[in-house]
Asks: 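Can you read through this structure? Questions will come right after.
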There are 2 protein chains.
Amino acid sequence: MLDPDPRFLAKLRQQAEFTDAELAEFLECWETKLLRKKDHYLRAGDICRSTAYVNKGCLRRYEIGADAKENILNFALEDWWVGDLESFWNQKPGRFYIQALEDCELLLLSRVEFVKACDRFPKYKAFHDEKMHRSYFATLKRMTVATSGSAEEKYLLLAKEQPQLFQRVPLHYIASYLGIEPESLSRLRRKLAGK
Amino acid sequence: MLDPDPRFLAKLRQQAEFTDAELAEFLECWETKLLRKKDHYLRAGDICRSTAYVNKGCLRRYEIGADAKENILNFALEDWWVGDLESFWNQKPGRFYIQALEDCELLLLSRVEFVKACDRFPKYKAFHDEKMHRSYFATLKRMTVATSGSAEEKYLLLAKEQPQLFQRVPLHYIASYLGIEPESLSRLRRKLAGK
DNA sequence: CGGTTTCCTTGATCTAGGTTAGGAAATACC
DNA sequence: GGTATTTCCTAACCTAGATCAAGGAAACCG
């Protein structure tokens, strides 16, 4: 049934300090969700009703700006968490889209089960809070990168930090993530290749 | 001695649900810190050892990028909180500078007292967590604004949302916040004034 | 009070990246 | 197997904002 990535279990054992017995009980609350390429896990206006772990596949999170352009905030590969934490937190409609770029397998814990689990396993609540903090700090760092420096710097940084993305994500999505047009990315790559 | 803004007390009473007796005890742990214009409350490399409330004055939070340029992340007026949450959280050196733009009066709760207070008043811990979440969600929103749209759009948005800033903060700092050069801001304002 | 910063503006020039308009290779679809 | 769509690239031109250079006004300081 549920067939979690070993890293999923390792995290719960190490970071949330679950025992094997607790883990077995906890996993009962989770369910598997399959997404076909291009399916959306979440759309703007939806309320995020579960926390999700990427067991298999690759997704992108984006929003649509006032100018009707898609603006990619991040990609999620295996062993990442996806969702709209704000919407999940306050159960109000969010503004993000989360879409599968490949066929995906997500592990879901519904909001209801999440609340129960936080109650039953305080260690899990602490684990989730910690995740939220890390996510906050990562966003702050990302903001620094996004607002300062040239497209070239941002490209080189991404190439260094997440080279796997280039094997799995079309370049025009990478361009959107970098905040430039596909044409500019193409030019940039040609320039860098010629060096 | 401690002479908090009424809004400071109101927040603790309403959001943290402190009783008057608890409040009196809690306030004992706080201290006042005065900053002269241009003094720094925090510098890159410092460990943030207190959580601070702006009782009076105006500050800017900025970082210095790889290109040695100052990059302003936000301003803080009265009734805002300032600090480096990441550094305060994990007690490691941070990368932000926080500087007084006017003579300021801050109310500080040291890290040590903070930990005690979280223990003694779980409601305060919840209040602080909630603040942290709001701060996270605000950063996410700010990221959207910062990475999409023209300088003009960002300027008009700021003028609408924080008009008080223009009375108290030099324009070249506003320019830095908007991610443009002072010259560009000057030209932009002339263009808008002529309309 | 005069001198030095700090702050704002203006003009001329430059450039990264946007825009527009193709067109070819790779994939998916019937 | 052939058509349609998606993905990726190229080239010519354009624009927002950076950069460089200069000057003036206000605030601050001895």
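Lettering of chains follows the sequences in order, A, B, ..., and the numbering in each one begins at 1.
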Asks: Would A:Lys69 and A:Glu181 pass as an ion pair if we require N to O under 4.0 Å?
Replies: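 Salt bridge present between A:Lys69 and A:Glu181.
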
Asks: Could B:Arg36 and B:Tyr41 be counted as a cation-pi pair, given that NZ or CZ must be under 6.0 Å from the ring centre and within 45° of the axis?
Replies: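 Because its charged atom misses either the 6.0 Å distance or the 45° angle limit, B:Arg36 does not stack over B:Tyr41.
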
Asks: What is the distance, to the nearest angstrom, from the CD1 atom on A:Ile174 to the C1' atom on D:dC9?
Replies: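 Spelled out: CD1 on A:Ile174 to C1' on D:dC9 is 16 Å.
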
Asks: On the nucleotide C:dC8, are OP1 or OP2 found under 4.0 Å from the side-chain N or O atoms that B:His172 carries?
Replies: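 Yes, within the criterion.
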
Asks: Figure out the NZ/C1' separation between B:Lys191 and C:dT10, and round it to whole Å.
Replies: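 Result: 17 Å.
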
Asks: So which nucleotide from D:dC13, D:dT19, C:dT9 ends up closest to the side chain of A:Arg187?
Replies: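 The listed nucleotide nearest to A:Arg187's side chain is D:dC13.
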
Asks: Tell me: CG of B:Leu185 to C1' of D:dA16, nearest whole Å?
Replies: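 Going from B:Leu185 (CG) to D:dA16 (C1'), I get 14 Å.
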
Asks: With the side chain of B:Glu181 defined as its heavy atoms from C-beta on, choose the nearest nucleotide among D:dC8, D:dT10, D:dA18.
Replies: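 Of the options given, the side chain of B:Glu181 lies nearest D:dA18.
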
Asks: With a cut-off of under 6.0 Å to the ring centre and 45° to the axis, is B:Arg60 in cation-pi contact with B:Tyr62?
Replies: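 Checked: cation-pi criterion met.
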
Asks: Using heavy-atom distances to pick each residue's nearest nucleotide on DNA chain C, tell me which of B:Ser184 and B:Lys37 is more 5'.
Replies: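 Closest to the 5' end, via its nearest nucleotide, is B:Lys37.
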
Asks: Measure from the side-chain heavy atoms of A:Ile180 and tell me the nearest of C:dC7, D:dG17, C:dG18.
Replies: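 Taking heavy atoms from C-beta onward, the closest nucleotide is C:dG18.
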
Asks: Respond yes when some side-chain nitrogen or oxygen of A:Arg190 is under 4.0 Å from OP1 or OP2 of D:dA11, and no when none is.
Replies: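 Answer yes for this pair, as a side-chain N or O of A:Arg190 is under 4.0 Å from OP1 or OP2.
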
Asks: Are B:Leu77 and B:Leu158 connected in the hydrophobic side-chain network, where two residues link if heavy atoms are under 4.5 Å apart?
Replies: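 Yes, because B:Leu77 and B:Leu158 connect within a single hydrophobic cluster, where side-chain heavy atoms sit under 4.5 Å apart.
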
Asks: Could you state the atom-to-atom distance from CG of B:Leu188 to P of D:dT15 in whole Å?
Replies: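 Atom-to-atom, B:Leu188 to D:dT15, this comes out as 18 Å.
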
Asks: With a 4.0 Å limit, can you tell me whether A:Lys154 has a side-chain N or O closer than that to the phosphate oxygens OP1/OP2 of C:dA16?
Replies: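 No.
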
Asks: Whole-Å distance between D:dC9 P and A:Leu192 CG?
Replies: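 About 13 Å, once rounded to whole Å.
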
Asks: To the nearest Å, how far apart are B:Glu152 CD and D:dA16 P?
Replies: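 It is 9 Å, rounded to the nearest whole Å.
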
Asks: To the nearest Å, how far apart are B:Gln167 CD and C:dC7 P?
Replies: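 These atoms are roughly 17 Å apart.
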
Asks: Determine, for A:Phe96 and A:Arg61, whether the Lys NZ or Arg CZ falls below 6.0 Å from the six-membered ring centre while staying within 45 degrees of the axis.
Replies: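 Yes, A:Arg61 lies over the aromatic ring of A:Phe96.
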
Asks: If you check every side-chain atom of A:Arg189, which of D:dC9, D:dT7, C:dT19 has the closest atom?
Replies: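 Of the options given, the side chain of A:Arg189 lies nearest D:dC9.
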
Asks: Find which nucleotide of DNA chain C each of B:Glu183 and B:Lys38 is nearest to by heavy atoms, and output the residue with the more 5' nucleotide.
Replies: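 Nearest-nucleotide comparison on DNA chain C picks B:Lys38.
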
Asks: Measure from the side chain of A:Leu171, starting at C-beta and using heavy atoms only, and say which of C:dT19, D:dT19, D:dC8 lies closest.
Replies: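 Nearest listed nucleotide: D:dC8.
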
Asks: Rounded to whole angstroms, how far apart are CZ on A:Arg168 and P on D:dT7?
Replies: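 The distance from CZ of A:Arg168 to P of D:dT7 comes to 16 Å, rounded to the nearest Å.
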
